[in-house]
Amino acid sequence: MKFNKVEKKRFKLYKSGKTWVVAATVFFALAGMSGLAVHADNTTASSDIAKQTVVANPTNNESPVTSGDDTKQADSSVKTDNGNNSSATSSDDSKSNGTVNHDADKSTTDSDAGTTGQSTDSSTGKVDNNTDNSNSNPAKTDNNKQNSADADKNKTNSDANSNNVNKDNGTNANNSTAKSEDSNKQSSDVPTDNVLPDGWNADHTQYVKDGKLVTGVQSIDGTYYDFDNNHNIVKDDYVESQWGTWYMFGNDGKIATKVTPWAGTYYYFDPNTYLRVDNAYVESQWGTWYMFGDDGRIVSGVTPWAGTYYDFDPNTYLRVDNAYVESQWGTWYMFGDDGRIVSGVTPWAGTYYDFDPNTYLRVDNAYVESQWGTWYMFGDDGRIVSGVTPWAGTYYDFDPNTYLRVDNAYVESQWGTWYMFGDDGRIVSGLADWDGSTYYFDPSTYLKVTNTVENINGNYYYFDNSGRLVSWAQYPSDLTADAKATLAIQTASQFLGQGYVQGGNNPQTGFDCSGLVQYAYEVAGVQLPRLSEQQYYATMPIDGSQARRGDLVFFSRTYNDGSNFDPKSMTQVGIYLGNGKMLDAQGNGIVIENVSDFGQSYPTYYGRVLNF
């Protein structure tokens, strides 16, 4: 049937409105596809989803064309005012990639010519997207008002063709854009094949953070761990971190602090910075203190630090205090209560030692100045000296309480003998003035002489029983009686122990009794006759109770040859020493014996030689 002019005009207006709607739909669809293309490269998952959104049709991209009332157009159903089912079907050029059929004008032309093409009921003009996520409103023109019956009819036709997979291109474009946006948003939350759950793996050897296995030093569970390039945990090793600093990790993988064993020794790591501590004396986690050297290793043996030296036990690594120990070089050093190496005078083991301030070695057999300015003597074993001590070819005495040298004093030695020490501390020999008197100390024994006459530089000096100088003379004959008596006894005493020689009167041939007396007194400056009986008559007879040291003792008839001798015929003589003793030469040789030993058998007489 043919349209009248009014209907044709209305139909053209309708077609024109529809064309603009379709054009707008195509524009937005293309814009959405452009956005999908940008997001498609982000992840594999989002690319697949975008692809599924864009490709809405199967491999045959052409929209199917049908005839009759059951035909549903790919773009939208178009309704005319008079209710006829004349419609323009989609062209074979319509593609499922979002390109809209632009042959609408051709359909209009055909309508104008009275040709109806493939007609469908298009009473509603509604775009059915057949998608759950589309909220598009129906597309209408101003003159596209239909009654409710036609709308119901078109709705029925649309529902009947629900198997049509070629949706309206404009609407699908909008839906594709929406789906692409949702898919791209979701793709960042969807794990890929490389994404792992955060945390430790089953055997606690790897750690995942932000979905990836970590490497390098990582802060985990309130401490630090290190992972190598293969993502495996580092244990019991000293390694360089990603920042260039070095850290130690223990056998549990945790970063090490304080004293830690490694590579056959020990190191210390600061509990705040975790860095290795070098050249420092630090407190360990056990409260003990240890020294660590320039290379960080724990120290043993003698070690310089803080301007001095310390010693650390090679077994315990603890500081050695108050001990004299052998160093790693075989030398011995003393370390004090504070652990520092000792110099100067130092108490130890109940005595004192001195250590050189430059070498720190023990000082032996030396007289040295202490750190207090006083001087002390140290022996061959290094111990401080007290008492009489030989040194530098002489002897010195050191007080047993103060250990100071004794000067200008007459003191008792450790052996009970007495010695004199001068102003320079050296032991005295020869003449020495002390305490207002002059004494003489034997040059060989250093002992003070008493009751003796000494020939000193050609002069004769007499020292009494206390050792004081009593008198002196250039010649023995000028000596006092006591001095002469002392000199005579002193001379005769030189021959004690020699044998008796009948008729002997000198040191070369030996002595008999009268020969010894004659020689001794001759040295003392007194001339006596040769025989004992002659000597008796040359002396002044005295009672035994009056006898003094230096008098002579005579005995008569000590031998009898059968002759009738005068009872006063003196056959034996000796020098009286005092206290009932005498020195004489007799059958047993030259001896000191008791006067009474002879007096029991022979008459005894006394005679004084000297004028006391």
Side-chain angles (χ1 to χ4, degrees), residues 259-268 276-284 286-400 402-405 414 425:
V259 178
T260 302
W262 186 62
T265 184
Y266 293 86
Y267 293 82
Y268 184 87
R276 191 184 79 187
V277 173
D278 294 352
N279 196 29
Y281 185 54
V282 293
E283 186 177 11
S284 71
W286 311 292
T288 47
W289 288 73
Y290 301 98
M291 182 70 197
F292 295 87
D294 293 335
D295 58 359
R297 289 185 295 179
I298 198 168
V299 166
S300 66
V302 177
T303 303
W305 185 62
T308 186
Y309 292 86
Y310 294 81
D311 184 67
F312 299 91
D313 188 274
N315 296 314
T316 66
Y317 300 101
L318 295 175
R319 192 183 77 187
V320 175
D321 293 353
N322 196 29
Y324 185 55
V325 295
E326 186 177 11
S327 72
Q328 56 266 46
W329 311 292
T331 47
W332 288 73
Y333 299 99
M334 182 70 195
F335 294 88
D337 293 336
D338 58 0
R340 291 185 294 179
I341 198 169
V342 166
S343 66
V345 177
T346 302
W348 184 61
T351 185
Y352 293 86
Y353 294 82
D354 183 67
F355 299 91
D356 187 273
N358 296 313
T359 66
Y360 301 101
L361 296 175
R362 192 184 76 187
V363 174
D364 294 352
N365 196 29
Y367 184 55
V368 294
E369 185 177 12
S370 72
Q371 57 266 44
W372 310 292
T374 47
W375 288 72
Y376 300 98
M377 183 69 195
F378 295 88
D380 293 334
D381 58 0
R383 289 184 295 180
I384 198 168
V385 166
S386 66
V388 178
T389 301
W391 184 63
T394 185
Y395 292 86
Y396 293 83
D397 184 66
F398 299 93
D399 188 275
T402 65
Y403 301 100
L404 296 175
R405 190 184 74 187
Q414 57 265 46

Within a strict 4.5 Å, meaning less than it, do heavy atoms of the [X] and [Y] side chains meet?
X      : Y      : answer
Phe355 : Leu361 : no
Asp356 : Arg362 : no
Asp380 : Asp364 : no

Exercise. Is there a donor-acceptor contact under 3.5 Å linking the side chains of Tyr290 and Thr288?
Worked result: yes
Exercise. Which pair of non-hydrogen atoms, one from Tyr352 and one from Phe378, has the smallest distance, and what is that distance?
Worked result: O-CE2, 3.8 Å
Exercise. Where do Tyr268 and Glu283 come nearest, in terms of heavy atoms and distance?
Worked result: OH-O, 3.4 Å
Please tabulate, one pair per line, all N/O donor-acceptor pairs under 3.5 Å involving side-chain atoms of residues 340-347, not counting sequence neighbours.
unit_1: Arg340; atom_1: NE; unit_2: Asp338; atom_2: OD2; d: 2.7
unit_1: Arg340; atom_1: NH2; unit_2: Asp338; atom_2: OD2; d: 2.8
unit_1: Thr346; atom_1: OG1; unit_2: Gly344; atom_2: O; d: 3.3

For this session: Report the relative orientation of the aromatic rings in Tyr324 and Tyr353; use parallel for angles under 30°, tilted for 30 to 60°, perpendicular for over 60°.
Result: parallel
For this session: Check step by step if side chain to side chain contact (heavy atoms under 4.5 Å, CB included) holds for Met334 and Asn322.
Result: CA-CA 7 Å; Met334 182 70 195; Asn322 196 29; 3.8 Å; yes
